[in-house]
Amino acid sequence: MTDMANHDATTTPRPRHPAVEAFEMFTRNLSAIVGLVLLMLIILGAFLGPMLYPTDPFEMVWAPFTPPGQEGFLLGTDYLGRDLLAALLNGARVTLLVGASAALLSVCIGVTVGALSGYYSGFVEEALMRVTEFFQVLPTLLFCMVIVALFGTSLHMIVLAIGVVSWTGVARIARSEVMRIKQLEYVLAARASGATHSQIILFTILPNAMPPIIVQATLMVGSAILFEASLSFLGLTDPNVVSWGQVIGANRQYILDSSFAVTIPGLAIFVTVLAISLIGDGLNDALNPKLRRR
Amino acid sequence: MTGPECRDVLLGVRNLSVHFRLRRGGLFGSRVTLRAVDDISFDVRRGSTLAIVGESGSGKTTTALAVARLIEPSAGQVMLAGHDLSTLDDAGLRRCRAEMQFIFQDPYSSLNPRLRAEDIVREPLRNLAANRQDRTGEGVESLFQAVGLRPEQRRLFPHQFSGGQRQRIGIARALASNPSLIICDEPVSALDVAVQAQILNLLRRLQAERDLTFLFISHDLGVVQYMCDDVAVMYMGKIVELAARRDLFESPRHPYTQSLLSAVPAVDPSRRGLARRALVQGDPSDPVNPPRGCRFASRCPMVRDICRTAEPRLTEVSPGHKVSCFAVAPGSEAVTACSPA
């Protein structure tokens with residue numbers, strides 16, 4: 001029988017999920033691995049550091065502006081004589097949590113808006129895209145400051161403010177991906193197989209739209225950290241928690257006398273955001289199907 | 001063909017139209033209507049295969065999608081085993097989908113790359129078979145066997161299969177809900193010739209084994225001649241000729257069909273000289289703004305005055321052979337004259 005011709009002797013390959021291939025691609029990318037290792041170290045420091053180094057970051061422990069390495073203070077002390085290493089370790093947790101949850105929030109808003117406006121044409125699309133454009137033309141940092149200044153400077157409010165101002169990019173990416181995928185034949189096939197609209201959006205289109213959204217979400221963790229630092233620098237922060245931006249903001253008047261108190265948390269922000277960007281770039285290469293077959 | 005045409009008709013399409021509203025030239029451009037499919041009717045008998053052939057843009061794929069209600073028809077009726085599909089709501093339509101499945105043209109884009117082969121085949125089983133009384137959903141294993149895939153391939157992902165194997169997965173998916181009608185939209189045109197033959201043989205074997213009815217869309221007349229019982233030729237959204245395969249290939253009546261058939265290259269050198277090339281000049285006219293009268297008039301070698309003013313209707317010229325042409329079927333004028341629109 002001719003149509004049985006593919007029953008040849010070749011062995012069946014192992015099933016390989018597309019995500020597994022992407023992961024292997026990611027691990028072959030040196031700069032992405034460097035970023036991942038850096039981020040792992042920062043996360044470890046954030047969660048284990050305060051336990052291993054239990055100095056209270058709000059306590060005045062020595063004379064102000066003790067330079068790094070002197071009197072047993074590895075990173076020195078700030079203008080009130082508080083231990084900078086303790087501030088750095090405690091601040092890391094806040095910075096990372098705010099960055100990650102703000103990015104998660106904006107991905108949730110952005111994917112919902114983007115998927116609905118990409119899938120449904122007509123009124124839904126027009127309305128949602130006008131809303132997106134409204135948020136897009138707002139000056140983001142200013143809008144963020146207004147929200148925090150009006151509704152209080154708790155961490156929840158800061159996360160909410162950052163999430164609300166930064167979802168538009170995700171929405172646009174999600175929309176364009178959904179619009180591209182919805183006209184592929186496997187979406188028609190899902191409809192012919194009796195799938196409902198919500199099943200098609202959730203289980204057929206969105207899993208395939210995720211790669212660029214994941215990349216964008218990763219990069220947004222970095223930009224959310226920068227946002228949080230900017231707000232803290234301007235004093236719009238929860239006074240009961242330490243964050244890197246807050247340390248910079250508090251010490252900024254003394255930058256000429258003792259630059260280390262500003263430089264060290266600044267470097268911490270820089271390294272963290274760099275690590276996240278490296279991971280984002282690595283993910284972009286790994287998830288982009290056009291690069292995969294090289 | 002003998003007997004009344006409606007004997008055991010599985011799929012009846014009546015006056016089906018699909019019009020797209022387009023906007024030309026940006027936001028403030030004028031709105032125009034593209035008549036992709038314009039008032040076509042045909043029947044497919046149970047267990048037989050009807051081919052729709054035509055050049056790109058003739059509306060054959062749109063017809064297939066509209067019959068399956070994967071795009072909404074603008075007008076007309078689609079009757080499947082006596083049920084009118086065109087008036088069903090979403091839920092009712094989903095119940096009917098088990099009876100009517102689709103095989104897509106491109107085996108690369110018609111399989112969800114994130115699903116394993118078995119999940120792709122299982123999707124219609126999960127969504128559709130549960131709604132049916134008989135619940136004769138076959139296991140994935142027997143479906144794989146039926147289309148010539150090995151059971152140990154079921155956990156693989158689409159990118160691990162070749163084009164022909166992917167199309168087999170698509171066929172298994174179409175069989176999963178145990179349908180009576182399968183709409184094949186150019187199922188082999190994306191495959192190379194050796195694989196085409198395998199897939200066509202598979203489709204024919206499945207048709208015989210499972211008493212399937214095919215609506216077969218193709219532009220390849222060789223494939224059509226091999227696969228089909230009846231052929232409908234489409235040109236710019238209209239059926240111009242509808243006949244049994246032998247009738248159509250041996251005595252094509254419409255000038256467009258004649259030129260289509262004469263364009264098929266003959267392999268046999270002794271026959272090469274026999275084929276009289278009836279080439280037509282030019283391109284199809286603008287589908288958004290079709291000419292008044294017959295749409296083929298601008299390219300037709302047999303054009304008459306009436307062709308430019310009145311639209312011909314599909315008229316029977318011999319039993320089972322219908323042509324829509326003033327030059328061939330004189331009766332079509334009378335029909336046009338009596339019809340109100």
Side-chain angles (χ1 to χ4, degrees), chain A residues 1-22 24-25 121-122 126 129-130 177 180-211 213-214 287-290 292-293, chain B residues 65 68-71 90 93-95 97-98 100-102 104-117 120 123-128 131 147-150 152-160 162 164-165 168 170 173-174 176-177 183 185 194-195 197-203 205:
Chain A
M1 223 173 213
T2 45
D3 59 73
M4 291 294 189
N6 72 331
H7 273 218
D8 48 75
T10 54
T11 50
T12 312
R14 230 158 23 89
R16 287 164 62 81
H17 193 282
V20 175
E21 300 212 327
E24 284 173 5
M25 187 86 181
S121 47
E126 289 292 321
M129 286 327 285
R130 292 302 87 78
E177 277 298 289
R180 178 181 68 82
I181 292 166
K182 82 168 174 183
Q183 41 105 28
L184 293 178
E185 278 182 343
Y186 62 78
V187 173
L188 273 184
R191 274 182 61 206
S193 305
T196 60
H197 289 300
S198 49
Q199 281 175 327
I200 289 173
I201 295 177
L202 288 175
F203 304 121
T204 306
I205 297 183
L206 276 185
N208 287 294
M210 280 326 275
I213 296 174
I214 289 171
L287 296 173
N288 191 339
K290 286 184 189 114
R292 192 174 297 164
R293 295 269 165 253
Chain B
L65 292 172
R69 262 193 72 182
L70 291 172
I71 53 177
D90 273 9
L93 189 63
R94 223 168 293 130
R95 278 193 291 279
R97 287 216 183 278
M100 170 182 68
Q101 283 291 303
F102 213 98
F104 292 88
Q105 174 174 9
D106 181 0
Y108 291 91
S109 78
S110 64
L111 305 179
N112 185 344
R114 307 237 146 215
L115 293 183
R116 294 175 195 276
I120 291 171
E123 193 171 19
L125 277 179
R126 203 186 50 215
N127 293 336
L128 300 172
N131 294 332
V147 298
L149 290 167
R150 282 169 288 145
E152 61 267 30
Q153 290 173 315
R154 36 190 281 183
R155 292 187 59 74
L156 299 182
F157 288 90
H159 68 267
Q160 298 178 288
S162 68
Q165 289 174 324
R168 287 173 197 268
R173 169 173 63 190
S177 64
I183 301 169
D185 182 13
V195 182
Q198 294 175 16
I199 296 291
L200 292 176
N201 284 336
L202 171 65
L203 286 172
R205 181 166 61 80

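In what follows, every heavy atom counts, from backbone to side chain, and hydrogens, waters and symmetry copies are set aside. Given the structure is predicted, the values throughout are model-derived calculations rather than measurements. Convention: sequence-line order gives letters A, B, ...; per-chain numbering from 1.
Between chain A and the residues B/E123, B/M100, B/Q101, the largest count of heavy-atom pairs under 4.5 Å involves B/E123.
At a threshold of 4.5 Å between non-hydrogen side-chain atoms, the residues B/F104 and B/L111 do not count as touching. Considering only heavy atoms from C-beta on, A/L188 comes within 4.5 Å of B/L65 through its side chain. A/T196 places a side-chain heavy atom less than 4.5 Å from the side chain of B/R94.
In this structure, chain A has no heavy atom under 4.5 Å from any part of B/R154. Interface remark: B/L70 contributes backbone and side-chain atoms alike to the contact with chain A (heavy atom separation under 4.5 Å).
Proximity of a side-chain donor or acceptor of B/R114 to a complementary backbone N or O of B/F157 within less than 3.5 Å is not detected.
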